[in-house]
Every structure is written in structure tokens, then in C-alpha cells.
A.B. asks: 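Okay, here's the structure, questions in a sec.
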Amino acid sequence: MAPEWAVSRWFNADGAPSLQSLRGRVVFLHAFQMLCPACVQHAVPQSLKVAAAFASTDLAVVGLHTVFEHHAVMGPDALQVYLHENRIGYPVGIDAHRDGDPAAHPLPLTMQAYAMQGTPTLMLIDRQGRLRRQRFGLVDDLRLGAEIATLLAEP
């Protein structure tokens, strides 16, 4: 089973989305940092394309701002501006730090729970809550679309 997310704050969400609340839907979770070049150039635009392409399905697109470096410049206020400027309308959570202190605990909790190597990291979670794909780095659009479609076709 995919570990539950530890989120300190949500944007673009009514309430706090959780894996439990999304059970029965396929979840496309992408972990990113707004100052990560591969995230800015590829992963975030890809997530926007996925959200648009699968808008009429029951795919849940969720972003996770997973900051493990440069904490001072990637806080909630900067993230809010980034989301607005990039027209990101799907839910985005801020990966929580132990004791809320990134200086003492630089690796966020969800990043640790999923043993992420860095950002961008993409996760696909099936309707039963099982982690079916986790990939650090870039994923080809066509391959990703096929994987999502396959998961959506499963009962």
C-alpha cells in the first residue's frame, strides 16, 4: 500500500485530500520543487497536460511540494504565487517536516516515507491505494498516458 501523505498545508483543495479519501480513484501524484529545473521544465508542464487530458475521468491529479533544499526561498507564500502564475488548479500539498522544522530535519516526511531520491518524482497509485509506479526523473508523455489509461481501465 502507498504510504499516507504528511502535508502541512494544502492549496487548491477543499479540505485535506488523503489517500483514504481518494480510494476508488487512480491517483497521479507528482513531487516537485518550484526551483528544480527538471520540475519547472518538464514535470510541472507534464502534470498540467495530464490534468487536462484526463479531466473527464476519475483520475486525481495531486502535487506535492517536497522541499529538501533552499527552504528559506520556497515557503508557502512563494508557492502560492508559483501556483497562480503557472495556472496550477489541482490540489498541491506542502510536504511536512518533522516538528515543522526544515532546519533541523531537512528531508520532508512524505519524501522519507516513499524513499524518494529527489525531485521530480512521479507516483501512480491504483484504486485500491497500491503504489504501482514510482519514478525519479523524467517520464515519457506517451508511456505515462498509457500507464494511466491502463490503471483507469482496471476495476
Side-chain angles (χ1 to χ4, degrees), residues 1-68 70 73-97 108-114 116-154:
M1 299 303 284
E4 192 57 71
W5 312 317
V7 172
S8 61
R9 181 173 171 188
W10 283 100
F11 294 92
N12 305 329
D14 295 325
S18 66
L19 282 175
Q20 185 62 36
S21 71
L22 294 171
R23 188 71 44 94
R25 297 178 69 185
V26 174
V27 178
F28 169 93
L29 175 67
H30 76 104
F32 72 100
Q33 293 185 92
M34 65 181 142
L35 295 181
C36 159
C39 298
V40 171
Q41 294 169 6
H42 181 76
V44 170
Q46 183 178 59
S47 71
L48 290 167
K49 287 190 276 186
V50 166
F54 292 94
S56 64
T57 71
D58 64 346
L59 178 72
V61 176
V62 179
L64 185 68
H65 195 234
T66 305
V67 179
F68 56 90
H70 311 299
V73 295
M74 289 197 280
D77 292 339
L79 177 60
Q80 188 168 24
V81 171
Y82 179 85
L83 297 175
H84 175 76
E85 292 295 321
N86 289 282
R87 296 186 169 109
I88 297 171
Y90 52 78
V92 174
I94 297 176
D95 199 353
H97 288 84
L109 296 171
T110 308
M111 182 179 210
Q112 291 178 44
Y114 281 81
M116 292 181 212
Q117 297 173 304
T119 57
T121 297
L122 176 139
M123 281 95 30
L124 292 174
I125 301 165
D126 69 16
R127 297 177 191 282
Q128 289 74 41
R130 297 176 298 212
L131 181 62
R132 297 282 292 273
R133 169 90 140 115
Q134 181 168 331
R135 171 69 188 245
F136 169 61
L138 307 180
V139 178
D140 177 74
D141 287 345
L142 189 57
R143 180 179 198 147
L144 176 60
E147 289 183 31
I148 292 170
T150 300
L151 290 176
L152 287 170
E154 291 178 356

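One is the number of the first residue; the rest follow in order along the sequence.
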A.B. asks: Is a donor on one side and an acceptor on the other found under 3.5 Å between the side chain of Q33 and the backbone of H70?
C.D. replies: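 No, Q33 side chain to H70 backbone: no donor-acceptor pair under 3.5 Å.
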
A.B. asks: Apply salt bridge (Lys or Arg N to Asp or Glu O under 4.0 Å) to E154 and R132, showing your working.
C.D. replies: CA-CA 12 Å; E154 291 178 356; R132 297 282 292 273; 2.8 Å; yes

A.B. asks: So how far is it from Q117 CD to F68 CZ, rounded to the nearest 0.5 Å?
C.D. replies: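 Answer for the CD-CZ pair, Q117 versus F68, is 10.5 Å.
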
A.B. asks: Evaluate L48 against Y90 for side-chain contact (heavy atoms from CB on, under 4.5 Å), listing each step before the verdict.
C.D. replies: CA-CA 9 Å; L48 290 167; Y90 52 78; 3.9 Å; yes

A.B. asks: Any side-chain to backbone donor/acceptor pair from H42 onto P120? Under 3.5 Å, distance only.
C.D. replies: no

A.B. asks: Measuring from L131:CG to M1:CE, what's the distance to the nearest 0.5 Å?
C.D. replies: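 Between L131 CG and M1 CE, I get 10.5 Å after rounding to 0.5 Å.
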
A.B. asks: Where do G75 and M34 come nearest, in terms of heavy atoms and distance?
C.D. replies: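 Taking every non-hydrogen atom into account, O-CE, 3.9 Å.
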
A.B. asks: Nearest 0.5 Å please: distance from the CE atom of M123 over to the OG1 atom of T121.
C.D. replies: 6.0 Å

A.B. asks: Would you find a donor on one side and an acceptor on the other, under 3.5 Å apart, between the side chain of R25 and the backbone of D58?
C.D. replies: yes

A.B. asks: Might you point out which heavy atoms bring P3 and A113 nearest each other, and give the distance in Å?
C.D. replies: CG-O, 3.7 Å

A.B. asks: Rounded to the nearest 0.5 Å, what separates atom CG in L109 from atom CD in E4?
C.D. replies: 12.5 Å

A.B. asks: Using a 4.5 Å cut-off on heavy atoms from C-beta on, say whether the side chain of L152 contacts that of T150.
C.D. replies: no

A.B. asks: What verdict does the side-chain contact (heavy atoms from CB on, under 4.5 Å) test give for I94 and W10, after you've listed the backbone C-alpha separation in whole Å, the side-chain angles of each residue and the deciding distance to 0.1 Å?
C.D. replies: CA-CA 7 Å; I94 297 176; W10 283 100; over 6 Å; no

A.B. asks: If you define the side chain from C-beta out and look only at heavy atoms, does anything of V62 sit under 4.5 Å from F28?
C.D. replies: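 When only atoms from C-beta onward are counted, F28 and V62 do not touch, as no gap falls below 4.5 Å.
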
A.B. asks: Is E147 close to L124 at the side-chain level, that is, under 4.5 Å between some pair of heavy atoms?
C.D. replies: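 Yes - at least one pair of side-chain heavy atoms lies under 4.5 Å apart.
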
A.B. asks: A side-chain contact here means heavy atoms from C-beta on lying under 4.5 Å apart; do Y82 and F11 qualify?
C.D. replies: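 The answer is no, as the side chains (C-beta and beyond) never meet within the 4.5 Å cut-off.
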
A.B. asks: Please confirm whether the backbone N or O of I88 pairs with a side-chain atom of N86, one donor and one acceptor, at under 3.5 Å?
C.D. replies: no

A.B. asks: Show your working on side-chain contact (heavy atoms from CB on, under 4.5 Å) between L83 and L79 and close with a plain yes or no.
C.D. replies: CA-CA 6 Å; L83 297 175; L79 177 60; 4.0 Å; yes

A.B. asks: So does D14 have more than 12 non-hydrogen atoms from other groups sitting under 6.0 Å from CG?
C.D. replies: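 No, the 6.0 Å shell around CG holds no more than 12 heavy atoms from other groups.
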
A.B. asks: Looking at side-chain heavy atoms only, is the closest gap between F32 and T66 below 4.5 Å?
C.D. replies: no

A.B. asks: After noting the C-alpha distance and the side-chain angles of H65 and D95, does the key distance pass the side-chain contact (heavy atoms from CB on, under 4.5 Å) rule?
C.D. replies: CA-CA 6 Å; H65 195 234; D95 199 353; over 6 Å; no

A.B. asks: Are V27 and D126 side-chain neighbours, meaning at least one heavy-atom pair lies under 4.5 Å?
C.D. replies: no

A.B. asks: Identify the two heavy atoms, one from M116 and one from L64, that lie closest to each other, and give their separation to 0.1 Å.
C.D. replies: CE-CD2, 4.2 Å

A.B. asks: Taking all heavy atoms of G93 and all of V7, pick out the closest pair and write down the distance.
C.D. replies: CA-CG1, 3.6 Å

A.B. asks: Working to the nearest 0.5 angstrom, can you tell me the gap between L19 CG and L22 CG?
C.D. replies: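 Answer for the CG-CG pair, L19 versus L22, is 6.5 Å.
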
A.B. asks: When you measure from the side chain of Q134 to the backbone N and O of Y114, does any donor-acceptor pair fall under 3.5 Å?
C.D. replies: yes

A.B. asks: So, do R133 and V139 sit near enough that their side-chain heavy atoms are less than 4.5 Å apart?
C.D. replies: yes

A.B. asks: How close do H97 and P108 get, counting heavy atoms only, and between which atoms?
C.D. replies: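 It is NE2-CG, 3.7 Å.
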
A.B. asks: Side chains of R127 and V26, heavy atoms from C-beta outward: is any pair under 4.5 Å?
C.D. replies: yes

A.B. asks: Looking at every heavy atom in both K49 and D141, which two are closest together, and how far apart are they?
C.D. replies: NZ-OD2, 2.8 Å

A.B. asks: If you measure from CG on L144 to NE2 on H30, what distance do you get to the nearest 0.5 Å?
C.D. replies: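 L144 atom CG to H30 atom NE2 measures 11.0 Å (nearest 0.5 Å).
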
